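In this text, all values refer to a predicted model and were calculated from it rather than measured experimentally. The figures that follow rest on heavy atoms only: side chains count, while hydrogens, waters and symmetry mates do not. We name chains A, B, ... by the order of the sequence lines, and we start the count at 1 in each one.
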2 protein chains.
Amino acid sequence: MANQLSLSIDRSSPVPLYHQVVQGIEAAIHSGILEPGSRLDNEIDLAAQLNLSRPTMRKAMDELVRAGLLVRKRGVGTQVVSSQVRRPLELSSLYDDLSNNGKKPTTDVLSFSHIEADAATLTALQLPAGSKVYHFTRLRKVGGKPLALMENWVRDDITSMDEAQLAKEGLYAILRRGGVNFRLASQRIGAMIANDYQAPLLEAEVGSALVTMERTAVDDTGRMVETGHHVYRADSYSFEMTLVQR
Amino acid sequence: MANQLSLSIDRSSPVPLYHQVVQGIEAAIHSGILEPGSRLDNEIDLAAQLNLSRPTMRKAMDELVRAGLLVRKRGVGTQVVSSQVRRPLELSSLYDDLSNNGKKPTTDVLSFSHIEADAATLTALQLPAGSKVYHFTRLRKVGGKPLALMENWVRDDITSMDEAQLAKEGLYAILRRGGVNFRLASQRIGAMIANDYQAPLLEAEVGSALVTMERTAVDDTGRMVETGHHVYRADSYSFEMTLVQR
DNA sequence: AACATCCTAATGTCAGGACAAACTATTGAC
DNA sequence: GTCAATAGTTTGTCCTGACATTAGGATGTT
């Protein structure tokens, strides 16, 4: 009711209609046109307003519900949820996160080697014995201040890489250019105390708090592409996410 | 091809058909009938085998892809992803998590009060000035060993609660019985060092690593129901999750 | 005035069809 | 033998239509 939300749908665009709707409503919410708590028109009217079918409209709203921007209730309607909630955790790299926020991260490559994988890596990446992997440690800084210390293992049968590349761009950018389509990642977040090795690199005291993250990423063919162990200064980094009830 | 996966669909059941399919395939994967890496029949054949329409079949597979169990590729087919990946982070409480894993958590209520909310809480729960909230701190133990120290603020206009209830069951169970339907939660995970207050309660050294979690939960009407600040012993708890590329 | 009942509006589920786009593998030409 | 065009398979998108289920208000009765 009373929410015209004049989106424009471009049927000749290659981007799917439902996704155009998602982007439109997302923009309307972030720009304040759709206020938190306000109710949207019902699905059928909305679909009619945009000359779309109801399933298409529903698919768009499904995504927004999953993203935590909308809340639906049968027999009642659809509401804009408080904009205070944050974006869900996405499959992206720290480099992407920082770049998107306008920061300019730099990377020091502390070590780089192309070696035979040890047992733990073979298991994590599900590789046959004797496989070789890239192994490297990097220090990421933002504004000259160290933020993260990252150790990664990457299978070598996808794309080749070298130290210079890693210093210039993010690991995920390199892999994506190498033809990897990431599909999902499994990660574990915990905490630890900075040890003698980590502390000086991160310019922190030995014994200060660090956030730890272990991640293994899988591509669209089901291959384990990369596994890593990262630690972050707890005073500069934390993980934000929105959980949605299914 | 060659994957019959003989599911049985009960059309008289109140549980939606697509959800029955989700459960069936999920069970087949976990029981090993569908091996990691194996390809499923195409959507149309699968739908025909189960006497379902393709949209219904697709909706089921959509959920499984989102859950990280399947991987689809246009022009190729659908594959079972390695079962090594873990469950996605769900909107549940620590109490639920532990109970589901067969552990028997106990709860000490350290403090409990029904007071006027301070400024930070008013903001977090988006309440009008002068509102009252429940405020309490709890210590959760598993097998007699302290695991988490939790401080929560809950709005009081939904359901009443007391110390005895909190000692006996989880906060989310109480709220759900009070008619709250949780929809989403926004949370932030980080790390800190145990201080003089936390360390003895958690039976840890001052200066040991703690995982911190701040969460605000929203119900299906868009109300902020609960906000809390929890700390966990880093040697006993970490957050596992599966991220899926959209 | 309090309660139970009916009605309405909205989302939830399901069907069947059509075409588009992407990937594979085969076929054909050079 | 190598490369490019082509055909076939499979998922991706979009449509129309129908009925079920739920929440909440309106209505009527006691």
### Message
Checking B/Gln20 against B/Asp10: is there a side-chain donor and acceptor pair closer than 3.5 Å?
### Response
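There is no such pair (donor and acceptor under 3.5 Å, judged by atom type) between the side chains of B/Asp10 and B/Gln20.
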
### Query
Does a donor on one side chain and an acceptor on the other come within less than 3.5 Å for A/Arg188 and B/Ser238?
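B/Ser238 and A/Arg188 do have a side-chain donor-acceptor pair below 3.5 Å.
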
### Query
How far apart are the closest heavy atoms of A/Arg72 and A/Glu43, and which atoms are they?
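Nearest pair, atom of A/Arg72 first, then A/Glu43: NH1-OE2, 3.7 Å.
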
### Query
How does protein contact run along nucleotides 16-25 of chain C, one letter per nucleotide 5' to 3', with B for base contact, S for sugar-phosphate only, - for none, heavy atoms under 4.0 Å?
B-B--BBB--

Tell me: [atom1] of [X] to [atom2] of [N], nearest whole Å?
| X | N | atom1 | atom2 | answer |
| --- | --- | --- | --- | --- |
| A/Arg39 | C/dA9 | CZ | P | 13 Å |
| B/Gln20 | C/dC14 | CD | P | 8 Å |
| B/Glu43 | D/dG12 | CD | C1' | 8 Å |
| B/Ile44 | D/dG8 | CD1 | P | 16 Å |
| A/Leu70 | C/dG12 | CG | P | 11 Å |
| A/Met57 | D/dT13 | CE | P | 16 Å |
| B/Asn42 | D/dT9 | CG | P | 10 Å |
| A/Leu40 | C/dA9 | CG | P | 19 Å |

### Message
Filter on salt bridge (Lys or Arg N to Asp or Glu O under 4.0 Å), then keep only pairs touching residues 117-130 of chain B, sequence neighbours left out; what's left?
### Response
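Pairs touching residues 117-130 of chain B that pass the test: none.
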
### Task
Taking the side chain as every heavy atom from C-beta outward, state whether A/Gln126 and A/Arg223 have any pair of such atoms under 4.5 Å apart.
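No - every pair of side-chain heavy atoms lies 4.5 Å or more apart.
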
### Task
Tell me which nucleotide among D/dT13, C/dA15, D/dT10 gets nearest to the side chain of A/Pro16.
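Nearest to the side-chain atoms of A/Pro16, counting from C-beta on, is D/dT13.
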
### B/Arg72 side-chain proximity, nearest of C/dA10, D/dG12, C/dG12
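Nearest nucleotide to the side chain: D/dG12.
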
OP1 or OP2 of [N] sitting under 4.0 Å from any side-chain N/O of [X]?
| X | N | answer |
| --- | --- | --- |
| A/Tyr18 | D/dC14 | no |
| B/Thr56 | C/dT13 | no |
| B/Thr78 | D/dT10 | no |
| A/Arg58 | C/dG12 | yes |
| A/Arg11 | D/dC15 | yes |
| B/Lys59 | C/dT13 | yes |

### Query
For B/Glu35, does the CD atom sit with more than 12 other heavy atoms under 6.0 Å from it, leaving out its own atoms?
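Counting other residues, nucleotides and ligands, CD of B/Glu35 stays at 12 neighbours or fewer.
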
### Task
Nearest 0.5 Å please: distance from the CG atom of B/Asn51 over to the CD1 atom of B/Ile9.
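These two atoms lie 10.0 Å from each other.
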
